[in-house]
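Some notes on the structure that comes next.
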Amino acid sequence: MSEPQVFAKLLRNCSKNHLLGQGVQVHGAIVKMGFGHDLMLNNDLVDMYGKCGMMEVACDVFDRMLERNVVSWTALMCGHLQNGNARESLSLFSKMGYAEVEPNEFTLSTNLKASGILGIAENGMQIHGVCAKSSFEWMPVVGNSIIDMYSKCGRISDAARMFSIMPVRNVISWNSMIAGYNIEGNGEKALLLFQKMQKNGEVPDEYTYTSMLKACSCLGAVGEGTQLHASLITRGIPYSAQTTVTGALVDLYVKCRHLFEARRVFNQIRQKNVISWSALILGYAQEGNLPEAMYLFRQLRESRYQVDGFALSSLIGVFADFALVEQGKQMHAYTIKIPSGLDISVVNSVLDMYLKCGLTDEAEILFREMEARNVISWTVMITGYGKHGLGKEAVRLFNEMQLDRIEPDGVTYLAVLSACSHSGLIEESQEYFSRFCDSQQSKIKVEHYACMVDLLGRAGRLKEAKDLIQKMPLKPTAGIWQTLLSACRMHGDLDMGREVGEILLRLDGNNPVNYVMLSNLYADSRYWKDSERIRHMVKMKGLKKEAGRSWVEIDKEVHYFYNGDGTHPLTEKIHEVLKEMEKRMKEEIGYVHKVNFSLHDVDEESKEDSLRVHSEKLAIGLALVSGGLKEGERLIRIFKNLRVCGDCHTFIKNLTKVLKIVFVVRDANRFHRFENGLCSCGDYW
DNA sequence: CTAGGGTTAG
């Protein structure tokens with residue numbers, strides 16, 4: 001074997017096993033032996049540095065090359081793609097065109113994938129066009145990538161068309177199509193295609209099983225999932241480390257809430273991989289069993305496996321959901337120390353965590369510092385701003401992202417519409433809504449209409465709101481009628497309210513919320529008998545609301561309160577401080593606690609509860625008592641599982657006048673930032 | 001020499 005061939009072989013080994021140190025040594029030897037300008041070796045070097053995550057060096061090698069062929073270009077593109085920079089791959093693709101180098105099937109496949117990741121259908125279609133012209137379209141590699149691209153861009157029918165006209169299909173074609181249905185959330189179609197695949201004599205591989213397990217977990221179909229599990233066992237694949245199905249298997253049982261079974265599978269895996277670890281950790285965390293989740297996470301950290309971006313982002317997502325600021329911050333600090341902490345999904349989850357915990361400034365700084373932002377990064381920020389009542393900021397970001405050439409998707413539109421709704425930006429949202437209808441008709445969901453109904457309803461344009469529901473091309477859900485009903489109450493429209501209420505009770509008669517809303521509407525107009533009749537129905541049906549619960553984090557410990565809760569050791573002190581606050585508010589600003597607010601308002605709390613003390617007030621009391629306010633800090637964070645009650649809302653607003661403290665309350669719907677007697681929601685929530 | 005399918009975040 002000649003020397004260059006030996007070097008090539010060494011480099012390929014480094015690529016495969018991510019051996020950067022050895023790769024650098026080989027690079028040195030290549031230069032020393034005078035092969036520094038060998039085209040093939042340089043191609044291998046670009047590939048090796050890319051695989052080892054050293055894109056700067058890969059680019060440097062590429063730039064210094066005296067001649068470059070299609071492989072050089074493609075290797076660099078793949079490097080960018082594998083390091084999470086799909087955009088750079090696409091820009092290289094067009095540069096390659098200017099350099100008059102013709103793409104081959106690998107180049108096309110790589111950039112189709114890049115377009116899919118970015119979700120830019122236009123770009124993908126353009127590349128599809130190139131494939132069609134050069135008849136690369138009929139090569140399975142390319143065709144499969146086209147299916148993948150269309151699926152990821154939400155154009156499942158285009159993907160299906162490609163699949164149906166492919167002259168040669170391999171197992172990956174079937175897998176890609178099944179994965180496409182999964183992305184769309186269409187588990188039934190995935191199951192059907194799986195059957196068809198077996199009828200056609202195609203043998204499913206691990207990837208097929210992985211996708212199918214995922215389809216089952218989406219459908220919550222434990223039965224079908226268990227069958228797949230069984231056939232995996234007969235084929236002898238499930239418990240070895242090389243396969244990815246193990247993770248999907250754990251995930252299936254986790255999602256179907258069969259945690260015991262998930263643990264059993266996990267324990268049987270001889271060499272556990274990161275995917276199965278993450279799935280199980282997430283399972284425990286979502287059940288609220290954080291100690292077990294954290295214990296497993298520590299074990300993962302100490303194991304020989306690398307904690308990857310998937311594990312991190314999902315765990316941070318749990319901290320966000322539980323609004324656990326301290327744990328979240330600690331995890332953020334940890335992510336900075338490891339390479340996968342730079343994964344865009346990890347940074348996105350940290351952003352979301354900060355916003356959900358009410359730390360907008362931290363989120364803003366992190367967002368600006370990010371080296372690459374994708375559609376999710378922007379959407380997280382827009383949602384966060386919207387929930388903080390910063391509608392103008394949300395709109396500004398929405399426009400800015402498009403200048404950054406990031407295409408908003410259905411979730412982004414939902415975020416900006418709801419931000420507009422909360423800030424009363426009617427014209428803006430109507431413009432965005434129609435733009436969305438025009439450009440992404442297929443992605444429009446009931447939620448988008450619900451946003452518009454909310455917006456119109458709040459503005460008192462009830463008739464228009466109702467028309468919109470009745471004319472929309474989708475089946476109205478109970479939720480959208482609820483939105484309209486609360487608008488009816490807001491504007492005291494009894495006639496329409498009664499009509500909507502009847503529709504709701506027919507549609508969703510087992511949800512106590514519907515009865516409470518209707519009952520309140522009657523009570524507002526002093527139709528006490530009707531109000532009482534509706535409330536009686538709730539009792540007769542034995543329907544129960546979720547109990548109101550608030551919590552506050554003090555010195556890394558979370559304290560929970562129910563309404564009228566007297567179990568906390570500091571209860572007496574809490575009541576004292578709350579009384580003292582009422583007194584100060586009365587003396588200093590003349591605020592008098594309004595009793596009548598809660599007389600017939602049973603929106604969140606029952607009458608009995610309101611005579612005692614709401615959970616959010618207790619949590620505030622504890623924060624004040626136990627010095628939850630550290631030196632130099634003037635912000636207290638309270639969390640509540642339901643919506644904050646109107647009475648407490650007024651109380652907190654006035655409290656900020658007397659105490660010069662900022663309160664951030666995260667309730668089921670949104671954030672309220674109280675400062676100087678005002679709330680970020682503008683008293684509309 | 002370059003490549004395609006799976007787990008995560010809104």
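Convention: sequence-line order gives letters A, B, ...; per-chain numbering from 1.
Of the candidate nucleotides dG4(B), dA9(B), dT2(B), dA9(B) has the atom nearest to the side chain of I344(A). Closest contact between the side chain of S109(A) and the listed nucleotides dG4(B), dG6(B), dT7(B) involves dG4(B). Each of dT7(B), dA3(B), dG4(B) was ranked by its minimum atom distance to the side chain of P140(A); first place goes to dG4(B). Of the candidates dC1(B), dG10(B), dG6(B), dC1(B) carries the atom nearest the R12(A) side chain, counting heavy atoms from C-beta on. If you check dG10(B), dT2(B), dG6(B) against the side chain of C78(A), the one that comes closest is dT2(B). You'll find that the side chain of S313(A) is closest to dT8(B), out of dC1(B), dG6(B), dT8(B). Nearest to the side-chain atoms of T110(A) among the listed nucleotides dA3(B), dG4(B), dG6(B) stands dA3(B). Distances from the side chain of Y207(A) to the nucleotides dA9(B), dC1(B), dG6(B) place dG6(B) closest. Distance from the side chain of N374(A) is smallest for dA9(B) among the nucleotides dA9(B), dG4(B), dA3(B). Listed candidates were dG6(B), dT2(B), dG10(B). Nearest to the side chain of I275(A) is dG6(B).
Ring-centre distance between F194(A) and W174(A): not below the 6.0 Å cut-off.
Between the side chain of T379(A) and the base of dG10(B), at least one donor-acceptor pair of N or O atoms lies under 3.5 Å. No hydrogens or angles were tested; on distance alone, a donor-acceptor pair under 3.5 Å links the side chain of S345(A) to the base of dT8(B). One can find a donor-acceptor pair under 3.5 Å joining the base of dG10(B) and the side-chain atoms of D409(A). Below the 3.5 angstrom threshold, one finds a donor paired with an acceptor across the side chain of N43(A) and the base of dC1(B).
One atom, CG of L312(A), and another, C1' of dT7(B), lie 14 Å apart when rounded to the nearest Å. For the pair I281(A) CD1 and dT8(B) P, the computed distance is 14 Å after rounding to whole Å. One atom, CG of N111(A), and another, C1' of dG4(B), lie 13 Å apart when rounded to the nearest Å. Following rounding to the nearest Å, E137(A) (CD) and dG4(B) (C1') show an atom-to-atom distance of 16 Å. When the C1' atom of dG6(B) is taken as reference, atom CD1 of I172(A) falls 12 Å away, rounded to whole Å. For L11(A) and dC1(B), the CG to P distance is 12 Å, given to the nearest whole Å. In this structure, CD of Q82(A) is placed 9 Å from C1' of dA3(B), rounded to the nearest angstrom. Residue I178(A) contributes atom CD1, which lies 13 Å from atom P of dT7(B) at whole-angstrom precision.
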Worked check of side-chain hydrogen bond (donor to acceptor under 3.5 Å, both in side chains) between D148(A) and S151(A): CA-CA 5 Å; D148(A) 174 62; S151(A) 306; 5.9 Å; no
Working note: R161(A) + Y150(A), criterion side-chain hydrogen bond (donor to acceptor under 3.5 Å, both in side chains); need CA distance, chi angles, decisive distance, verdict. CA-CA 10 Å; R161(A) 188 173 318 119; Y150(A) 280 126; over 6 Å; no
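Donor-acceptor pairing under 3.5 Å is recorded for the side chains of N43(A) and N69(A). In summary, the side chains of N348(A) and S345(A) do not present any donor paired with an acceptor at a separation below 3.5 Å, with no hydrogens or angles considered.
Taking 4.0 angstrom as the limit, K51(A) places a side-chain polar atom (N or O) nearer than this to OP1 or OP2 of dA3(B). For dG10(B), neither phosphate oxygen OP1 nor OP2 lies less than 4.0 angstrom from any side-chain nitrogen or oxygen of K387(A).
Partner of N111(A) under the side chain to side chain donor-acceptor pair (under 3.5 Å) criterion, chosen from S94(A), S89(A), S145(A): S89(A).
Across all strands shown, T412(A) has heavy atoms under 4.0 Å from base atoms, whether or not it also approaches the sugar-phosphate.
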